[in-house]
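Structure record follows, encoded as structure tokens.
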Amino acid sequence: MAATTGSEMKSGSFMSEKSAKIFVAGHRGLVGSAIVRKLQDQGFTNLVLRTHSELDLTSQSDVESFFATEKPVYVILAAAKVGGIHANNTYPADFISVNLQIQTNVIHSAYTHGVKKLLFLGSSCIYPKFAPQPIPESALLTGPLEPTNEWYAIAKIAGIKMCQAYRLQHQWDAISGMPTNLYGPNDNFHPENSHVLPALMRRFHEAKANNADEVVVWGSGSPLREFLHVDDLADACVFLMGRYSGFEHVNVGSGIEVTIKELAELVKEVVGFEGKLVWDCTKPDGTPRKLMDNSKLASLGWTPKISMKDGLSQTYEWYLENVVQKKQ
């Protein structure tokens with residue numbers, strides 16, 4: 001059989017198989033939990049979920065045994081070791097090794113045990129630091145990566161290429177989606193290892209609670225960033241499982257960008273902190289601009305629905321109920 005490399009591989013009947021067994025890897029994380037909510041809302045009734053203590057995805061033998069026993073029909077691979085600039089700089093070996101192990105184990109076992117379709121999720125950090133803006137899918141591997149997250153990025157690039165390789169060699173329906181910066185319920189609000197948006201939300205909330213006069217924010221505030229609510233990403237994942245079976249990975253973004261300074265002001269407003277902002281320009285800014293070209297996904301018929309203001313308000317409500325109250 002000739003290798004199938006593009007949209008000529010017809011998409012399966014995912015949306016009509018509501019009782020098919022679906023393994024969502026990483027179901028307790030920001031992305032995985034949103035995908036579970038979306039699948040349940042769409043009427044899928046046979047989700048296979050495992051915590052890390054129940055299934056160590058870095059263990060080849062454990063993953064192999066899981067697939068041999070459970071035999072899921074579909075797999076959405078949302079499990080990953082993730083973190084912000086500080087975490088990436090501190091634990092580079094963990095970020096490359098853990099993610100490579102998870103991806104290799106899950107993708108290979110899914111193929112060998114007859115999974116019909118797999119969706120691998122990566123990150124916009126796969127693109128070169130100075131990629132054209134907005135960033136098209138074709139920018140992959142055209143220049144040097146951003147040094148502050150290259151270890152994670154290289155692992156995710158390997159995941160994309162692994163899906164493509166299994167499609168080329170085995171005609172297997174493995175696709176990849178690359179989300180932009182995400183936020184929403186179940187985000188990581190750790191004081192050191194979180195991404196910029198939850199880190200800001202936590203800092204402003206604690207400053208408000210402590211009646212602080214100011215909040216110090218890393219960098220100059222000038223970098224531009226795009227954000228997508230994780231429930232929109234989950235909606236896009238279900239859409240791709242049902243509608244896309246192409247060779248190339250697909251960007252998933254909002255198409256709207258804000259400066260970090262604008263973001264900080266918006267989070268400050270949502271939280272209700274009334275002090276002042278201080279920018280620590282001795283700290284790194286990261287990539288100067290990172291806007292995804294979302295036209296490919298839009299041409300397939302998908303666009304995001306949740307506004308930044310609504311998404312931030314919902315996320316702050318979740319933070320108050322699930323992080324703040326549990327500490328009290």
Side-chain angles (χ1 to χ4, degrees), residues 25-26 29-32 52 56-60 63 75-111 118-169 174-182 188 192-196 223 225-226 228 233 246-253 284-293:
L30 171 66
V31 173
H52 177 70
D56 180 2
L57 295 176
T58 67
S59 167
Q60 184 179 18
V63 173
V75 172
I76 300 178
L77 179 43
K81 181 175 179 62
V82 298
I85 291 174
H86 175 81
N88 274 270
N89 281 338
T90 308
Y91 311 109
D94 293 355
F95 275 89
I96 193 165
S97 64
V98 170
N99 285 304
L100 284 172
Q101 289 170 58
I102 290 170
Q103 295 160 196
T104 303
N105 292 340
V106 173
I107 293 170
H108 181 70
S109 287
Y111 165 70
L118 177 142
L119 169 60
F120 168 72
L121 291 170
S123 161
S124 58
C125 72
I126 60 167
Y127 292 114
K129 179 170 183 173
F130 297 107
Q133 302 288 329
I135 308 170
E137 285 87 354
S138 59
L140 184 67
L141 295 175
T142 58
L145 298 164
E146 160 59 40
T148 56
N149 57 27
E150 67 175 318
W151 317 105
Y152 178 75
I154 285 171
K156 288 297 178 181
I157 292 168
I160 295 170
K161 290 299 173 185
M162 193 169 178
C163 288
Q164 292 176 342
Y166 275 66
R167 179 177 290 271
L168 285 169
Q169 185 173 331
I175 61 173
S176 299
M178 296 300 118
T180 188
N181 299 297
L182 301 168
N188 173 18
E192 290 179 343
N193 296 339
S194 57
H195 286 106
V196 61
R225 288 292 180 272
E226 174 188 25
L228 182 73
L233 170 64
F247 179 77
E248 191 177 45
H249 63 281
V250 181
N251 287 342
V252 186
D285 269 337
T287 306
R289 188 184 184 206
K290 198 165 67 172
L291 176 65
M292 305 274 266
D293 181 345

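Here the structure is a predicted model, which is why all the values come from computation and not from measurement.
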Task: Stepwise side-chain hydrogen bond (donor to acceptor under 3.5 Å, both in side chains) test for N251 and Y127 - done: CA-CA 11 Å; N251 287 342; Y127 292 114; 2.5 Å; yes
TODO: Verify, without hydrogens or angle tests, whether Q133 (side chain) and L291 (backbone) share a donor-acceptor contact under 3.5 angstrom.
DONE: yes
- [ ] Find the distance between CZ (F95) and OG1 (T90) and round it off to the nearest 0.5 Å.
- [x] 8.5 Å
Task: D293 side-chain N/O to I135 backbone N/O, donor-acceptor pair under 3.5 Å - done: no
Task: Residues which pass salt bridge (charged side-chain N to carboxylate O under 4.0 Å, His left out) with K129, listed by chain and number, not counting sequence neighbours - done: E146
TODO: For I126 and I160, run side chain to side chain contact (heavy atoms under 4.5 Å, CB included): C-alpha distance rounded to whole Å, both residues' side-chain angles, the deciding distance at 0.1 Å, then the answer.
DONE: CA-CA 10 Å; I126 60 167; I160 295 170; 3.6 Å; yes
- [ ] Carefully, step by step, assess I175 and F247 under the rule side chain to side chain contact (heavy atoms under 4.5 Å, CB included).
- [x] CA-CA 7 Å; I175 61 173; F247 179 77; over 6 Å; no
Task: Residue among D94, V82, N149 satisfying side chain to side chain contact (heavy atoms under 4.5 Å, CB included) with N88 - done: N149
Task: Pairwise distance CG(L57) to CD(Q103) - rounded to 0.5 angstrom - done: 11.0 Å
- [ ] Could you tell me whether a side-chain N or O of K290 sits under 3.5 Å from a main-chain N or O of N181, the two making a donor and an acceptor?
- [x] no
Task: Atom pair NE2/NZ of H249 and K156 - distance to nearest 0.5 Å - done: 13.0 Å
TODO: Please name the pair of heavy atoms, one in L119 and one in G177, separated by the smallest distance, quoted to 0.1 Å.
DONE: CD1-N, 3.8 Å
TODO: May I ask you to decide if E226's main-chain N or O and T180's side chain share a donor-acceptor pair within less than 3.5 Å?
DONE: yes
TODO: For M292 and S124, work out which heavy atoms get closest and say how close.
DONE: SD-CB, 3.4 Å
Task: Spatial distance of atom OG (S97) from atom NZ (K81) [nearest 0.5 Å] - done: 9.0 Å
- [ ] Carefully, step by step, assess L118 and C163 under the rule side chain to side chain contact (heavy atoms under 4.5 Å, CB included).
- [x] CA-CA 9 Å; L118 177 142; C163 288; 4.0 Å; yes
Task: Any donor-acceptor N/O pair, T104 side chain to Q101 backbone, under 3.5 Å - done: no
- [ ] For residues M162 and V106, determine if any side-chain heavy atom of one lies less than 4.5 Å from a side-chain heavy atom of the other.
- [x] no
- [ ] Working to the nearest 0.5 Å, report the span between CH2 of W151 and CG of L145.
- [x] 10.0 Å
Task: Closest non-hydrogen atom pair between A139 and A131, with its separation - done: CB-CB, 4.3 Å
Open item on the list: So which atom in A78 and which in V31 form the shortest heavy-atom distance, rounded to 0.1 Å?
Closed with: CB-CG1, 3.9 Å
Open item on the list: If you compare all heavy atoms of R225 against all heavy atoms of D285, which two are closest, and at what distance to 0.1 Å?
Closed with: NH2-O, 3.7 Å
Task: Separation between CD1 of I154 and CD1 of I96, rounded to the nearest 0.5 Å - done: 5.0 Å
Task: Residue pair I107 / G159: nearest heavy atoms and the distance that separates them - done: CD1-O, 4.2 Å
- [ ] Name all residues meeting the side chain to side chain donor-acceptor pair (under 3.5 Å) criterion together with N89; count only those two or more places apart in sequence or in a different chain, and write none if there are none.
- [x] none
Task: Residues that Y111 engages under ring-ring contact (aromatic ring centres under 6.0 Å, His included), provided they are two or more places apart - done: Y166, H170, W172
- [ ] Go through F120 and M178 one step at a time and tell me if the side chain to side chain contact (heavy atoms under 4.5 Å, CB included) criterion holds.
- [x] CA-CA 9 Å; F120 168 72; M178 296 300 118; 4.2 Å; yes
- [ ] Please examine the side chains of F130 and P288, heavy atoms only from C-beta on, and report whether any two atoms are closer than 4.5 Å.
- [x] yes
Task: Donor-acceptor under 3.5 Å (N99 side chain, A80 main chain) - done: no
